[in-house]
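For reference, the structure is listed below as structure tokens.
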Amino acid sequence: MMQNACVVEQPPTLAYDSAQRSPELSVIVPTFNEAPNVELVVRALVASLRGIDWEVIFVDDDSSDGTTNLVRLIARRDGRVRCIRRIGRRGLAGASIEGMLSSSAAVIAIMDGDMQHDVSLLPEMLRRIRAGDDLVIASRFYRSGSAADGLSRARLGGSRIATQLARTLLHIDVSDPMSGYFAIRRPAFEALAPRLSTQGFKILMDILASTKQPLQTSEIPLRFRPRQHGLSKLDNLVAAEYLSLLLAKLTGDLLSLRFVLFALIGGSGVVVHLAVLKMALASGLAFSLAQMTAAYVAMTGNFFLNNILTYRDRRLKGWRLISGLASFWVVCSLGVIANVGAGQLVHEQASRWWMAGLAGAGLGAVFNYFATSMLTWRAR
Ligand SMILES: Nc1nc2c(ncn2[C@@H]2O[C@H](COP(=O)(O)OP(=O)(O)OP(=O)(O)O)[C@@H](O)[C@H]2O)c(=O)[nH]1
Ligand SMILES: [Mg+2]
């Protein structure tokens, strides 16, 4: 079993009678527009968890379809049902972590809120944790588990490649590190929580890659079912987000997932810059004007890509998109000064031009990243 100095396992003796103990199992269900599924999930939990002391915490990112309200109505009748409404934020991983931290149960399970996960596996997952496991993963690729019903061929292929990359690069040795359904012992999770990324979809992979002590882990086959109601919230951007998480973990968290995405988009901006510069020169523009046009086109492209991907959880819309673009232009223009200054400094010390160029670009990227995270996409 995992040992952690900062988690006390023995409760202090209370000087008063407690009205109600915290349940043994908290099921955390992140939701975004899952109104048609909420009641089905609660019913399934009630039916599957007889004889177990449990609660369910829906963590809803202010869905527009009334999910929060529905959970609150059910919660008024059943005290085991709780709800966290997050405003101005998005993201499955962040919502899951927040839900896990809001409970005090000894065992925490994460499960989707769209009935794709078989709720009846929970008692066995809990039993295994009681018996000594730190982590139990409901796996789509373990023994009789399957994903073919719930995933398209393309997503199944993507999931397999992602699993293989995690195995090879991060030495994660489980059959389904992308699963969104697992149970974990609280001390193991509390020890890890400060190192987890609140961005992205892949919380289990983050847990497996971030743990310092080995977790006693077991897997249980899951037949991943098709979604019956509501829409998928996953899009093609998840792949880019996944690769960035992989890179962040490969650098031992030296680079955050957000910075990796920001830097990759910055790199793609160089290609755009050169392409626009070539076209502008070909159309007869003077070099300085062509260079400036290319810089602002590339910056604008980078702004929109970052808004869609790097800051998808804080995405700017409406008028804030315009003011955000203006502040992005200002910051990146200042970034050029940082870039040139640092490049010059290195160039004076070392004669290699590319080293000076890289140092300048690196410092410019770091400056742009921190300044835009504070000005353009400031957390509300
Ligand atoms: N709180 C919160 N929950 C989210 C967010 N995005 C997705 N979810 C929930 O996370 C769970 C998994 O999302 P899905 O869209 O079902 O992802 P998936 O199961 O891989 O995709 P499908 O097979 O198409 O359903 C669901 O319960 C969603 O409602 C989010 O930004 N915030
Ligand atoms: Mg789903």
Side-chain angles (χ1 to χ4, degrees), residues 27-42 44-45 56-72 81-102 109-119 137-141 145-160 162-163 176-182 196-206 222-239 241-242 257 308-315 317 379:
V27 183
I28 314 299
V29 182
T31 53
F32 189 68
N33 291 339
E34 297 290 1
N37 294 312
V38 165
E39 199 181 332
L40 297 176
V41 170
V42 177
L45 287 168
V56 58
I57 304 172
F58 288 90
V59 189
D60 187 53
D61 282 354
D62 211 18
S63 299
S64 56
D65 72 345
T67 302
T68 306
N69 196 33
L70 203 60
V71 177
R72 299 241 186 264
V81 178
R82 291 173 49 201
C83 181
I84 297 176
R85 178 186 172 197
R86 303 201 314 160
I87 296 174
R89 278 176 296 164
R90 276 295 307 274
L92 179 52
S96 305
I97 292 169
E98 211 159 311
M100 292 162 105
L101 291 174
S102 79
I110 294 280
M111 193 182 80
D112 283 1
D114 55 6
M115 296 297 288
Q116 286 186 287
H117 290 154
D118 181 356
V119 181
I137 302 168
S139 163
R140 297 163 296 179
F141 308 120
S146 78
D149 294 343
L151 290 184
S152 65
R153 278 173 71 108
R155 276 187 57 190
L156 199 58
S159 203
R160 286 199 190 281
T163 302
D176 191 3
M178 309 300 142
S179 175
Y181 191 14
F182 62 90
L196 299 179
S197 165
T198 54
Q199 229 196 332
F201 267 77
K202 301 301 168 203
I203 180 168
L204 176 62
M205 191 184 100
D206 199 0
L222 165 71
R223 289 183 76 87
F224 192 62
R225 297 186 292 223
R227 186 183 252 284
Q228 284 166 12
H229 304 281
L231 296 174
S232 171
K233 280 93 211 171
L234 292 188
D235 47 34
N236 296 332
L237 303 178
V238 168
E241 210 167 62
Y242 172 75
L257 193 160
I308 290 170
L309 191 53
T310 318
Y311 288 98
R312 61 192 289 170
D313 53 332
R314 302 183 197 165
R315 200 172 283 173
K317 290 180 186 143

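For this chain, numbers begin at 1 and follow the sequence in order. Atoms within each ligand, like the ligands themselves, are counted from 1 in listed order.
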Checklist entry - Numbering the atoms of ligand 1 from 1, which are under 4.0 Å from a heavy atom of S232? => result 15 (O), 21 (O), 22 (P), 24 (O)
Next on the checklist: Could you tell me, atom by atom, which parts of ligand 1 come under 4.0 Å of a heavy atom of T31?
Outcome noted: 1 (N), 2 (C), 3 (N), 29 (O)
Checklist outcome for this item: In this structure, OG1 of T67 is separated from CZ of F32 (nearest 0.5 Å) by 8.5 Å
Item to check | Flag if over 12 foreign heavy atoms under 6.0 Å of CD1, I87 | outcome: yes
Checklist entry - Ignoring hydrogens and geometry, is there a side-chain-to-backbone donor-acceptor pair from D61 to G91 under 3.5 Å? => result yes
Item to check | Closest approach of any protein heavy atom to atom 31 (O) of ligand 1, naming residue and atom | outcome: R90 NE, 2.6 Å
Checklist entry - Closest to the Mg ion (ligand 2), which N/O/S atom of D114 is it? => result OD2
Item to check | D206 side chain to L196 backbone, donor-acceptor under 3.5 Å | outcome: no
Item to check | Donor-acceptor contact below 3.5 Å, side chain S159 vs main chain L156 | outcome: no
Checklist entry - N/O of D60 under 3.5 Å from N/O of ligand 1, yes or no? => result no
Checklist entry - Got the closest protein heavy atom to atom 22 (P) of ligand 1, with its distance? => result Q116 OE1, 3.5 Å
Checklist entry - Who are the side chain to side chain donor-acceptor pair (under 3.5 Å) partners of T31, not counting sequence neighbours? => result D60
Next on the checklist: Between R85 and D62, does any side-chain N to carboxylate O distance fall below 4.0 Å?
Outcome noted: yes
Checklist entry - Of the backbone atoms (N, CA, C, O) and the side-chain heavy atoms from C-beta on, which set of P30 has a member under 4.0 Å from an atom of ligand 1: side chain, backbone, both, or neither? => result both
Checklist entry - Just heavy atoms, cut-off under 4.0 Å: does E98 contact ligand 1 by side chain, backbone, both, or neither? => result neither
Checklist entry - Would G91 count as a contact of ligand 1 if the rule is a heavy atom under 4.0 Å away? => result yes
Item to check | Nearest non-hydrogen protein atom, atom 4 (C) of ligand 1 | outcome: F32 CB, 3.8 Å
Checklist entry - For atom CZ of R223, is the number of surrounding heavy atoms from other residues, nucleotides or ligands below 6.0 Å larger than 12? => result no
Checklist outcome for this item: Closest to atom 29 (O) of ligand 1 by heavy-atom distance, out of E34, M115, R225, is E34
Checklist entry - What atoms of ligand 1 come within less than 4.0 Å of a heavy atom belonging to R227? => result 14 (P), 15 (O), 16 (O), 22 (P), 25 (O)
Checklist entry - Has S232 got an N, O or S atom lying less than 2.8 Å from the Mg ion (ligand 2)? => result no
Next on the checklist: I'd like to check which ligand 1 atoms, numbered from 1 as shown, lie under 4.0 Å from a non-hydrogen atom of R155.
Outcome noted: 18 (P), 20 (O), 21 (O), 22 (P), 23 (O), 24 (O)
Next on the checklist: For the backbone of D65 and the side chain of S63, can you confirm whether one donor and one acceptor N or O come within less than 3.5 Å of each other?
Outcome noted: no
Next on the checklist: Which option wins on minimum heavy-atom distance to atom 27 (O) of ligand 1: G150, G113, S159?
Outcome noted: G113
Checklist outcome for this item: Nearest heavy atom to atom 1 (N) of ligand 1, choosing from V41, I84, L92, V59, belongs to V59
Checklist entry - So which heavy atom in the protein is nearest atom 32 (N) of ligand 1, and how far is it from that ligand atom? => result D61 OD2, 2.7 Å
Next on the checklist: Starting from atom 7 (C) of ligand 1, what is the nearest protein heavy atom, named by residue and atom, and what distance separates them?
Outcome noted: K233 CB, 3.7 Å
Item to check | N/O/S atom of D112 inside 2.8 Å of the Mg ion (ligand 2), strictly under | outcome: no
Checklist entry - If you measure from each heavy atom of R86 to ligand 1, is any distance below 4.0 Å? => result no
Checklist entry - Can you tell me the protein heavy atom closest to atom 17 (O) of ligand 1 and the distance? => result L234 CG, 3.6 Å
Item to check | Under 3.5 Å donor-acceptor, S179 side chain and S139 backbone | outcome: no
Checklist outcome for this item: Heavy-atom closest pair (H229 atom, P36 atom, distance to 0.1 Å) is CB-CB, 3.6 Å
Item to check | Under-4.0 Å heavy-atom contact with ligand 1, by part of D313 that carries it | outcome: neither
Next on the checklist: Has D114 got a side-chain atom pairing as donor or acceptor with Q116's backbone, closer than 3.5 angstrom?
Outcome noted: yes
Checklist outcome for this item: S96 meets the side chain to side chain donor-acceptor pair (under 3.5 Å) criterion, sequence neighbours left out, with none
Item to check | Atoms in ligand 1 flagged as close to D112, the criterion being non-hydrogen separation under 4.0 Å | outcome: 11 (C), 12 (C), 19 (O), 27 (O)
Checklist entry - Which of the atoms of ligand 1 are close to D114, meaning less than 4.0 Å from one of its heavy atoms? => result 16 (O), 19 (O), 25 (O)
Checklist entry - Is it true that a side-chain atom of R225 and a backbone atom of H117 form a donor plus acceptor pair closer than 3.5 Å? => result yes
